[in-house]
Amino acid sequence: MPTTTYSTKTIQKIREPAYYGVKTEKNHKRAKSVPWVDVSDDDEKSKRNSLKRKNSIVNGNADHSRNGQNGHKNKKRRSSIQNGDTPQSKDLANSPGSSQSKRGHINGSGPSTPHTAKFKAVQEQRKQLPIAKGREALIEEINKNNVTILLGETGSGKTTQVPQYILESGLARNGMIAVTQPRKVAATSLAQRVAVEQNVSLGDLVGYAVRFDEKSSAQTRIKYLTDGMIVRELMSDPLLSNYSVIIVDEAHERTLRTDLLIANLKKIQAKRNPKTDPKGKGNADTSNPLKIVIMSATLDAEKFSKFYHNAKILYVKGRQHPVKIYHSAESQLDYTDAAMRTFFQIHTDQPPGDVLIFLPGQEDIESLQKSIELYAKQLPSDKSEVLTCTMFAAQEHSQNNKAFSPTPPNTRKCILATNIAETSITIPGIKYVIDTGKCKEKQYLARISGGGFDTLLTRDITKSSAMQRAGRAGREGTGACFRLYTEDAFNTMAVSGEPEILRCSLTSSILNLKCLGQNLEELDLMDKPDLDSMADLKPVASALKTLWLLGAIDNHQKLTPSGRQMALFPLEPQYACAVVASKEYGCTSEVLDIVSVLSASSKLFIDISEQRDAVTEARRKFRHPSGDHLTVLNAVKAYRDIAASENKHSRREWCRKHFLNERTFLEARDIREQLVVTCGRIGIDVSVSAKENEDLVIRSMGHGLAGNSAFLQADGTYKQTMGQTIVKVHPGSSLCDKKVPAIIYDDLMYTNQIYARGVSSIPKSFFLSLDAFKQRKA
DNA sequence: TGGTGCATT
């Protein structure tokens, strides 16, 4: 157990337990506790009512009178909709069987045991889902309308059932049904579940497609895929003609890719369903109309509806146990301290049940964990034990998984998590949620000439986020959510977060759209990045400038042949440009090694502040005098040598010893394989190596990072070559304090100063060789 | 000499 590294903040907290006594029962009673106001009932009711007023409701009162809709000649559809007496029992009882026989007929490879006890249990579960009662009404509405907005609460079953209803009713004709998800785990696990419900093997009738992993075949009719995957598909099939129904799930999350998809779907529908659009051309393919279903979990359905010409909004109740919501009576200045007090209030006053605490970041999580553990030791022995678990993306998977193991007897589990637990991961057994009301958010500040930089700030969450967090307490039974902010504070929160398209670098998206012959400025988006905002916040202009610097677009903003090549790579345009440039320099092998590591989702070099000296010592082995890019290359080469001769266990041990993240190596290996395929398609020989001539590698990287460059000034700081910003080399860089004349860098991070990360030294003369620099001077 | 919420092709 570590005993040395508490921050002063933590020590103060532990030495001054002013808010909560833990030594004796007496103290418990006298302790100052956080007062709560219960508002959950009114709150929830008013929300429901406002929805009911505005939208049509899909629930148990489904209208069955129109079960013989006309206009479709499709046999399959008729057989499943019209065969039974009462629509409700008919569909649920017969359709799995009928789709089973249909499959047997089509591919002759249906699973052999459709009526086992397990299968029947699964069908019984399907029937119990809240959405099952609205099945007929739902199908009817989707049939009638080109676009349907479906507002479904958690636990309604919409994501698994709606695609099956559409398939079983024949609405999809012979096309595929796509269901898009923002996250890979969701796409794969949903497909798994639906395959079980359809009693087929995964990849057969039901499949999925995520990066590095696809299970689908010619028989696949329901395909779960990530939003990024379908945006890629758009590049090769601009009308998405393989799909007759596209369901956009979790649309309220407003990821960059979902927003681009939603805008393109509107365009596609205008072409494929010309009757609904006066601008539709006569040559459109009317035989293959597209249906769109937008699924969302929160209150901004009207915005989606408005975007799609006032599309019908349907509402499905969820199956969520009631969660009592308490707001803090006064605002809490120190949310970690308030969280600890509240946790021990729950622990001493409330019945058994695990507690989930939402915190903004790793630092708060670790500090609060130490406080809670120390404090718990002082509890009277008649109280049950406290077991803490932490959860955040940067943590080892095995550590994150500890939260899933069953809570031991006479113990209360306390899980401290970032908003990884808000959407991505569902933890069983949670009865209480403590919500600090804070999260971290990345904001991209685009400087017109300097490429832009990121900030990561702690800020207030949104209403929809607060509701999502509270909902985590009601998955298995009634629960309670303690909000460490006042009801007034909740009321002033934004309804939902700013869409990603307004917060992210647009360089990659604009390049992709150029390949589709579209300009982001002209695209009909739900939210458009501001074209005329303040000078340092022009994301479109900044992205266009970057693309021009890379040679991806010309002076007239037209896509160049090499720009088209760059777009083929699943990389940031900067790195795609470096790969394309590596062909001329003859160092593709090395550049692929580097960009695949830089494109992986987690960092390669692990920093543990408590072992800083050991980390520095281990890193010295890979350190290259030219900077961080070739340092990465050295690490990749060293790992490759180890991997060739050692077994899995010693590889892992080697990585641990050198403070290297093996997950990053493994992900980089997958990315590299993908890049090799793309290189092959455009005639880049991936085996060409620079050998000892490493200068060539830096030059290739320099082409991609030309906009991310700075020259040393007299006072020892660096000034951007493309802007006025003064940047400092990040202390974690191997070039920190080296004072080389010119640098290129991967990105800028703004904390209290602007730091360049991923830095390499490059000859000043290199820039003279760049066309973009020549043109700029002229 | 400093600090990384969550995703994705």
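So you know, we letter chains A, B, ... as the sequences are listed, proteins then strands, and number each from 1. FYI, side chains are in, hydrogens and waters are out, and symmetry mates aren't considered; it's all heavy atoms of this structure. Keep in mind that this is a model prediction, so the values were computed, not measured.
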How close or far is atom [atom2] of [N] from atom [atom1] of [X], stated in whole angstroms?
X      : N     : atom1 : atom2 : value
A:E253 : B:dG5 : CD    : C1'   : 13 Å
A:L225 : B:dT9 : CG    : C1'   : 12 Å
A:K728 : B:dG3 : NZ    : P     : 11 Å
A:D213 : B:dT8 : CG    : C1'   : 15 Å
A:Y750 : B:dG2 : OH    : P     : 14 Å
A:D364 : B:dG5 : CG    : P     : 9 Å

Nearest nucleotide by nearest heavy atom, which residue falls closer to the 5' end of DNA chain B, A:S599 or A:A393?
->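 The residue whose closest nucleotide sits nearer the 5' end is A:A393.
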Closest-nucleotide ordering on DNA chain B, the 5'-leading residue of A:Q362 and A:V185 =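 Its nucleotide being nearer the 5' end, the pick is A:Q362.
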Answer with base, sugar-phosphate or nothing: what part of the nucleic acid does [X] contact at a heavy-atom distance below 4.0 Å?
X      : answer
A:V729 : nothing
A:F569 : nothing
A:G361 : sugar-phosphate

Given [options], the nucleotide with the shortest approach to the side chain of [X]:
X      : options             : answer
A:R257 : B:dT4, B:dT9, B:dT8 : B:dT8
A:T418 : B:dG2, B:dT8, B:dG5 : B:dG5
A:I420 : B:dT4, B:dC6, B:dT9 : B:dC6
A:K440 : B:dT4, B:dT9, B:dT1 : B:dT4
A:P731 : B:dC6, B:dG2, B:dT4 : B:dG2
A:H730 : B:dA7, B:dG2, B:dT9 : B:dG2

Cation-pi, A:F490 ring and A:R483 (6.0 angstrom, 45 degrees) |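 Yes, a cation-pi geometry holds between A:R483 and A:F490.
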[X] side chain N/O closer than 4.0 Å to the phosphate oxygens (OP1, OP2) of [N]?
X      : N     : value
A:S508 : B:dT9 : no
A:K184 : B:dT9 : yes
A:T255 : B:dA7 : no

Mark yes when over 12 heavy atoms from residues, nucleotides or ligands other than A:Y750 sit less than 6.0 Å from its OH; otherwise mark no.
->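 It does not: A:Y750 OH has 12 such atoms or fewer within range.
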Quick one: do A:T255 and A:T258 satisfy side-chain hydrogen bond (donor to acceptor under 3.5 Å, both in side chains)? Show the steps, please.
-> CA-CA 5 Å; A:T255 69; A:T258 293; 3.0 Å; yes
Test of ring centre spacing under 6.0 Å for A:Y745 and A:H730 =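 Ring centroids of A:Y745 and A:H730 are no less than 6.0 Å from each other.
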Ignoring hydrogens and angles, are the base of B:dT9 and the side chain of A:R211 linked by a donor-acceptor pair under 3.5 Å?
->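 No.
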Please step through salt bridge (Lys or Arg N to Asp or Glu O under 4.0 Å) for the pair A:D259 and A:R254, ending with a clear verdict.
-> CA-CA 6 Å; A:D259 271 17; A:R254 303 292 309 276; 2.7 Å; yes
Passes side chain to side chain contact (heavy atoms under 4.5 Å, CB included), A:I246 versus A:I230? Steps please.
-> CA-CA 10 Å; A:I246 293 179; A:I230 204 164; 4.3 Å; yes
